[in-house]
Amino acid sequence: SAVISQKPSRDICQRGTSLTIQCQVDSQVTMMFWYRQQPGQSLTLIATANQGSEATYESGFVIDKFPISRPNLTFSTLTVSNMSPEDSSIYLCSGTDRLNTEAFFGQGTRLTVV
Amino acid sequence: KNEVEQSPQNLTAQEGEFITINCSYSVGISALHWLQQHPGGGIVSLFMLSSGKKKHGRLIATINIQEKHSSLHITASHPRDSAVYICAVRPTGNQFYFGTGTSLTVIP
């Protein structure tokens, strides 16, 4: 099974700045996803990270606010841009294997915007 | 409408008690995961189920596909089991739908 290393595990950021979260997988995964968990809420899909092309965003999420990169099958980044306190959440990446039979999760990033 | 419902939302138990957390879902799925979220926010995948039952140490997970229901059991609970437990289902696509989690506190 794959292991996803997500960094940073937590951060406190000033409003108006941006933070890039990285997920590195120790083997190739077919699909990668980015989720957000706002306080007291369940995890919600932000976007599907597509290798070599623009990510596919869910309703309510836009590329200008959450640019995503996926240069290869083992790495992806999510940037939270021009942050406000409302962006304080846990951000989580996940991936599925080539046969789409298993799913793997990063450890999550706890972001606090002050 | 939430595709995944968990119960209870909060649970407090004495050390040593047997604990059950339930998950019901409304969509057809290819797999169900139980996740553990630590107080600091870190998330660990405990089980992936597509049928039957799995056991890992003191943790047991079962799933009934026909009834669209899964349970997570913890035997001989310990304070270090205190965490939020999240049920996540994957329909035939690739993304997950998550429950809102069950916050477990085990008191020594």
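Proteins come first, then strands; the chains are lettered A, B, ... in the order of their sequence lines, and each starts at number 1. For clarity, every value in this text was computed on a predicted model and none was experimentally measured.
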When hydrophobic residues are tied together by side-chain contacts of less than 4.5 Å, even through go-betweens, does Leu72(B) share a cluster with Val4(B)?
yes

Side-chain heavy-atom pair Ile86(B), Gln37(A) within 4.5 angstrom cut-off:
yes

Just wondering, more than 12 heavy atoms not from Arg15(A) lying within 6.0 Å of its CZ?
no

Is it true that, when you exclude Gln9(B) itself, more than 12 heavy atoms of the residues, nucleotides or ligands shown sit nearer than 6.0 Å to its CD?
no

Co-membership, hydrophobic cluster, residues Met48(B) and Ile29(B), 4.5 Å side-chain:
no

Is Val113(A) reachable from Leu78(A) through a run of hydrophobic residues whose side-chain heavy atoms are each under 4.5 Å from the next?
yes

Can you list everything that forms a side-chain contact (heavy atoms from CB on, under 4.5 Å) with Thr20(B)? Sequence neighbours excluded, please.
Phe18(B), Asn22(B), Ser71(B), His73(B)

Quick one: which of Leu35(B), Val84(B), Val44(B) has the most heavy-atom pairs under 4.5 Å with chain A, could you say?
Leu35(B)

Is there a path of hydrophobic side-chain contacts, each under 4.5 Å between heavy atoms, that joins Phe96(B) and Trp34(B)?
no

Please classify the contact between Leu45(A) and chain B as side chain, backbone, both or neither, with a heavy-atom cut-off of under 4.5 Å.
side chain

To the nearest 0.5 Å, how far apart are OG in Ser9(A) and NE2 in His38(B)?
12.5 Å

Between the NE2 atom in His33(B) and the CZ atom in Phe104(A), the distance rounded to the nearest 0.5 Å is 8.5 Å

Whether over 12 other heavy atoms sit under 6.0 Å from Ile65(B) CD1:
yes

Using a heavy-atom distance cut-off of less than 4.5 Å, which residues of residues 98-107 of chain B contact chain A?
Phe98(B), Gly99(B), Thr100(B)

CD1 on Ile90(A) to CD on Gln37(B), rounded to 0.5 Å
4.0 Å

Do you reckon Phe47(B) sits in the same ILVMFWY cluster as Ile19(B), going by side-chain contacts under 4.5 Å, direct or chained?
yes

